[in-house]
Q: 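Structure in structure tokens, see below.
These numbers come from the heavy atoms of this one structure, side chains and all, not from hydrogens, waters or symmetry mates. Small disclaimer: the values here were computed from a predicted structure and weren't measured.
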Amino acid sequence: MDLRRKLPPKPPSHPPTPIPKASDALPLPLYLTNTFFFTLFFSVAYYLLHRWRDKIRSGTPLHVVTLTELSAIVLLIASFIYLLGFFGIDFVQSFISPSRENDNSSSTNLYKCQLVYDDEFADNSSDDDMIVKRVVSGEVNSYSLEASLGDCFRAAKIRRRAVERIVGREVLGLGFEGFDYESILGQCCEMPIGYVQVPVGVAGPLLLNGGEFMVPMATTEGCLVASTNRGCKAICLSGGATAILLKDGMTRAPVVRFASAERASQLKFYLEDGVNFDTLSVVFNKSSRFARLQNIQCSIAGKNLYIRFTCSTGDAMGMNMVSKGVQNVLDFLQNDFPDMDVIGISGNFCSDKKPAAVNWIEGRGKSVVCEAVITEEVVRKVLKTTVPALVELNMLKNLTGSAIAGSLGGFNAHAANIVSAVFIATGQDPAQNIESSHCITMMEAVNNGKDLHVSVTMPSIEVGTVGGGTQLASQAACLNLLGVKGACIESPGSNAQLLARIVAGSVLAGELSLMSAISAGQLVKSHMKYNRSSRDMSAIASKV
């Protein structure tokens, strides 16, 4: 939140002087200067070509030039240099900043570090104490420091000191140095004062669909990485797991209101009519090169209509993409339904970052099922349990126990543990762990009861490999470790789909290992060993 916000920051007293598009070659208006050099260039070029043609006809050597011809050559070169410089600048700038016009219309541009410095701070760059005092007093808004100072690192440092002064306590343990604060500006985090260190472990290799993956997991829970690693080992020794992508579509559901339920029903029938779908698809798909409308599902509550749009989003998680497409459709519908009142771009029928049956049933993001057959020998030697014990425990715990608890999408042992750890490591939205962890774990004895068939079905894994936190250095490195960094040029969307499969495969490994630990009575023992600090915390606290 803003620190003692009072008045908005003062605009610069002297607006920046516009940069001329070309040098002042002549004391004339720009259009006259351009006309002069255009005329000079073509006139001199025509004259020289005419003279060289006459020399060729008369047999005169071309290198023999008169004073007039020499002057013409000099003028040709001079006019060419001017024209190249003038139009070359525009040509290069068109590649350097093709989206400058769009960026200027975006609110995030207000926070860019490259903005012109505030005159109040530019003359006192070495006096941070003065700025800290002004932030504390409320004379300067904390959120405007990046734009005012033009230095993201310095802005974070001053804000950190201001916070410490306001609360009267230091934040010495909070990381600060060595972070690229400019990389998060306008896209990841506002008003930064540092960063939190989360250790990243690696589990694997996870043998999935014939490929091996070392899975990065960011967590502070002991045993989690070790347990998942054991599950990966069991899967690998049994021949690997198979993950199948069932669906891929992000959703957004606005809520609109009419004067009557009858009128709301008319829009419902219009949207669900297949004849209109192609038209709406064209309107929706204008929002992005990758957004492709898949279906529209409507639900009515009185005179309120909830419209759930589903679309593919390439390698992006896609919330912004689908929201833009929905806005395009709403604007289009306003022509035929002028009495439609758009209450909100999101009416929670999506449903984002909340446990909801619609995601459990219909799916959201990537829907994946992952399975493996674990041999009896691996169950006994690696997992330290038996196939019948695992099947019984899964039935009574993950299925019956979850049903008694009234669980919604939680028919598993700890899918959220693995999903959260992989999400944080790879720059996903941690809040979407809620629906991404919807999972039902199934275990069944196969091959005459000797081996174990285990599967996880996850209908709403919401991941992306571009945008948001995936662009940060550490998170991008984890994505690169998995081989899914950035967008896939050859097959748009395949990187994000592979990441969803890896998440499901990792959950399968985690489920297998934890259930085995519970079955063998190892859970408490392992957590006492790996999840408890041996340091004397009372002695450490006394030193603080």
Side-chain angles (χ1 to χ4, degrees), residues 203-209 213 215 217 221-244 368-405 407 409-419 421-422 437-459 501-531:
L206 171 66
L207 183 56
L208 183 69
N209 292 351
F213 302 93
V215 184
M217 302 175 66
E221 179 185 351
C223 272
L224 179 60
V225 177
S227 177
T228 307
N229 189 63
R230 183 175 74 149
C232 290
K233 180 181 179 180
I235 293 172
C236 187
L237 292 176
S238 299
T242 302
I244 302 97
V368 182
V369 59
C370 185
E371 64 177 351
V373 175
I374 312 300
T375 64
E376 180 185 25
E377 183 181 11
V378 171
V379 171
R380 180 168 44 84
K381 292 184 178 181
V382 177
L383 301 178
K384 311 298 184 184
T385 185
T386 64
V387 172
L390 280 174
V391 172
E392 182 181 33
L393 176 64
N394 185 73
M395 181 187 65
L396 295 178
K397 170 182 165 61
N398 289 340
L399 304 182
T400 309
S402 296
I404 290 176
S407 178
F411 297 89
N412 58 81
H414 70 150
N417 243 342
I418 291 87
V419 172
V422 177
S437 296
H438 280 342
C439 171
I440 182 168
T441 301
M442 303 291 290
M443 293 185 181
E444 179 183 349
V446 294
N447 299 331
N448 296 322
K450 294 189 302 180
D451 302 329
L452 176 73
H453 180 276
V454 56
S455 68
V456 293
T457 305
M458 305 179 69
R501 291 187 181 97
I502 293 172
V503 170
S506 302
V507 169
L508 183 70
E511 290 288 281
L512 189 59
S513 183
L514 177 60
M515 291 293 287
S516 299
I518 296 175
S519 174
Q522 299 172 339
L523 180 65
V524 175
K525 180 180 177 181
S526 60
H527 274 268
M528 291 300 100
K529 180 178 179 181
Y530 293 105
N531 203 27

Q: If we only count heavy atoms from C-beta on, is the Val387 to Val446 side-chain gap below 4.5 Å?
A: no

Q: So do the side chains of Val379 and Thr385 get within less than 4.5 Å of each other, counting heavy atoms only?
A: yes

Q: Could you measure the distance from the CG atom of Leu514 to the OG atom of Ser519? Nearest 0.5 Å is fine.
A: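 If I round to the nearest 0.5 Å, the distance is 11.0 Å.
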
Q: Verify, without hydrogens or angle tests, whether Ser238 (side chain) and Ala234 (backbone) share a donor-acceptor contact under 3.5 angstrom.
A: yes

Q: Considering only heavy atoms from C-beta outward, does the side chain of Asn398 approach that of Met515 to under 4.5 Å?
A: yes

Q: Hey, are the side chains of Asn209 and Thr242 touching, using non-hydrogen atoms and a 4.5 Å cut-off?
A: yes

Q: How many angstroms lie between CD1 in Ile235 and CG in Leu508, if you round to the nearest 0.5 Å?
A: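 Answer for the CD1-CG pair, Ile235 versus Leu508, is 4.0 Å.
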
Q: Heavy atoms, side chains only, cut-off 4.5 Å: are Val368 and Val503 in contact?
A: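 No, their side chains stay 4.5 Å or more apart.
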
Q: Donor-acceptor pair, distance only, cut-off 3.5 Å: does the side chain of Thr400 make one with the backbone of Met395?
A: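 It does hold such a pair.
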
Q: From Leu383 CG over to Glu376 CD, what is the distance, rounded to the nearest 0.5 angstrom?
A: 12.5 Å

Q: Could you tell me whether the side chain of Thr228 reaches within less than 4.5 Å of the side chain of Val215, counting heavy atoms only?
A: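 A side-chain contact is absent here, since even the closest heavy-atom pair is not under 4.5 Å.
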
Q: Going by heavy atoms in the side chains, are His438 and Met458 under 4.5 Å from each other?
A: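 A side-chain contact under 4.5 Å is absent here.
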
Q: If you measure from CD1 on Ile440 to OG on Ser407, what distance do you get to the nearest 0.5 Å?
A: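 Spacing of CD1 (Ile440) from OG (Ser407) equals 9.5 Å.
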
Q: Indicate yes or no: at least one non-hydrogen side-chain atom of Arg230 is less than 4.5 angstrom from one of Ser516.
A: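 Arg230 vs Ser516: side chains touch.
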
Q: Under 3.5 Å, side chain of Glu511 to main-chain N/O of His414, donor-acceptor pair present?
A: yes

